[in-house]
There are 2 protein chains.
Amino acid sequence: MPSSSPDVEALKQQFSDFLKRKQYRNTQERYKVLDRIAELDRHFSADELYVYMNTKGDSVSRATIYSTLDLLTKCSILMKHRFQGDSAHFELSSRMPDHDHLICVECGRIVEFRAEEIDGIRDTVAKNLGFKPLTHSLQIFAVCPDPVTCEHNGRD
Amino acid sequence: MPSSSPDVEALKQQFSDFLKRKQYRNTQERYKVLDRIAELDRHFSADELYVYMNTKGDSVSRATIYSTLDLLTKCSILMKHRFQGDSAHFELSSRMPDHDHLICVECGRIVEFRAEEIDGIRDTVAKNLGFKPLTHSLQIFAVCPDPVTCEHNGRD
DNA sequence: GTTCTTGCAAACCCTTTGCACGTCT
DNA sequence: AGACGTGCAAAGGGTTTGCAAGAAC
């Protein structure tokens, strides 16, 4: 297995523990969804995952995908993002721990970055307010340096 | 006028400049929407604003509200947030500059806070990536200290 | 007068739900 | 066997759009 891939077995174990603890059932579909997410190893929407799985020959319905994505988010295996667009985006929490996103407001380009200082701020803020910190999502809105797509002054 | 209210005239001027620059028209509806937003002076969804305006006797359609919210967001008068729920939320950028949100993943409670350090991180990160920083949105996900609503271990 | 904006309702997209069937325990 | 999960299609909620009437320029 490629060294850069997520540790699928560890994720399955974590998922299995969660399902047992919450008394959900171990179904083939749920583990298959996790498998394919690990293969993708990038941001994806529910529908992109649905299309990907059908391309790969899995027959898993949208209902099951949405349901499983919800479970995987609840047990912190997945991180759910709401970028500007319509649909939610997900990615493995283990993929790039605590990274954040910079979004160009002109062209929609998304750049990932890591700023370690955020982790400390997150923990300090949460504790000061009496909360137990879990995770965070920082989105920086900026203008892209590409003159062709971003330095125009049009109506859109 | 109450001293804590946003400076509506300045906002209207800013909006007017934007409309002229982008060659949009000055319509009564657009300024009326901005007026009511300033009155509200809090987070709101498009539909909450629609209901509020109809309560106040304005006859502005949902289509116009969505369209105007989009324009106000484009010219940075409004900040558009996507919290976990279904609908987008908006607030005046001038209301509480650069504040952020902590969200309890168990009960959905949202707490506003200000962490000045973020501003510097935002600017540094954007510049390092070659972007011009505009604004940011930091959401901290945490668990609420309220034992009744949050310390349960149920399936939801 | 021409072009843009509004209002209404229908369309649209993402997501959730009801129900019958299949699977897990 | 019983309860839960799945698949399908239909419903749901938020948002966008097409079109005719009205307002801005």
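By convention in this document, chain letters (A, B, ...) are assigned in the order of the sequence lines, proteins followed by strands, and residues within each chain are numbered from 1.
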Taking only the side-chain heavy atoms of B:Asp86 (C-beta and beyond), determine which of D:dG7, D:dG14, C:dG7 contains the nearest atom.
-> D:dG14
Per B:Ala63 side chain, nearest of listed nucleotides C:dT15, D:dT15, C:dC8 = C:dC8
At less than 4.0 Å, is any side-chain N or O atom of [X] found next to OP1 or OP2 of [N]? Yes or no.
{"X": "B:Ser61", "N": "C:dC8", "value": "no"}
{"X": "B:Arg30", "N": "C:dT5", "value": "yes"}
{"X": "A:Thr27", "N": "C:dC24", "value": "no"}

Classify the nucleic acid contact of A:Ser59 as base, sugar-phosphate or nothing, counting any heavy atom under 4.0 Å across all strands shown.
-> sugar-phosphate
For B:Asp47, which contact category applies under a 4.0 Å heavy-atom criterion: base, sugar-phosphate, or nothing?
-> nothing
May I ask you to check whether A:His101 and A:Phe83 place their ring centres under 6.0 Å from each other?
-> yes
Between A:Tyr52 and A:Phe44, does the ring centre distance come in under 6.0 Å?
-> no
Whichever hydrophobic residues join A:Val111 through chains of side-chain contacts under 4.5 Å | A:Leu102, A:Phe113, A:Ile118, A:Ile121, A:Val125, A:Leu129, A:Phe131, A:Leu138, A:Ile140, B:Leu102, B:Val111, B:Phe113, B:Ile118, B:Ile121, B:Val125, B:Leu129, B:Phe131, B:Leu138, B:Ile140
[X] [atom1] to [N] [atom2]: how many Å, rounded?
{"X": "B:Phe90", "N": "D:dT15", "atom1": "CZ", "atom2": "C1'", "value": "10 Å"}
{"X": "B:Leu49", "N": "D:dT15", "atom1": "CG", "atom2": "P", "value": "12 Å"}
{"X": "B:Arg82", "N": "D:dG14", "atom1": "CZ", "atom2": "P", "value": "12 Å"}
{"X": "A:Gln23", "N": "D:dG2", "atom1": "CD", "atom2": "C1'", "value": "15 Å"}
{"X": "B:Glu48", "N": "D:dG13", "atom1": "CD", "atom2": "C1'", "value": "14 Å"}
{"X": "A:His81", "N": "C:dC14", "atom1": "NE2", "atom2": "P", "value": "19 Å"}
{"X": "A:Lys32", "N": "D:dG7", "atom1": "NZ", "atom2": "C1'", "value": "17 Å"}
{"X": "B:Gln28", "N": "D:dC25", "atom1": "CD", "atom2": "P", "value": "11 Å"}

Spatial distance of atom CZ (B:Arg36) from atom NZ (B:Lys56) [nearest 0.5 Å] | 6.0 Å
Does atom NZ of B:Lys12 have more than 12 heavy-atom neighbours from other groups under 6.0 Å away?
-> yes
First of B:Glu29 and B:Ala88 reached from the 5' end of DNA chain D, by closest nucleotide = B:Ala88
In terms of the nearest nucleotide of DNA chain D, which residue is placed more toward the 5' end: B:Tyr66 or B:Arg25?
-> B:Tyr66
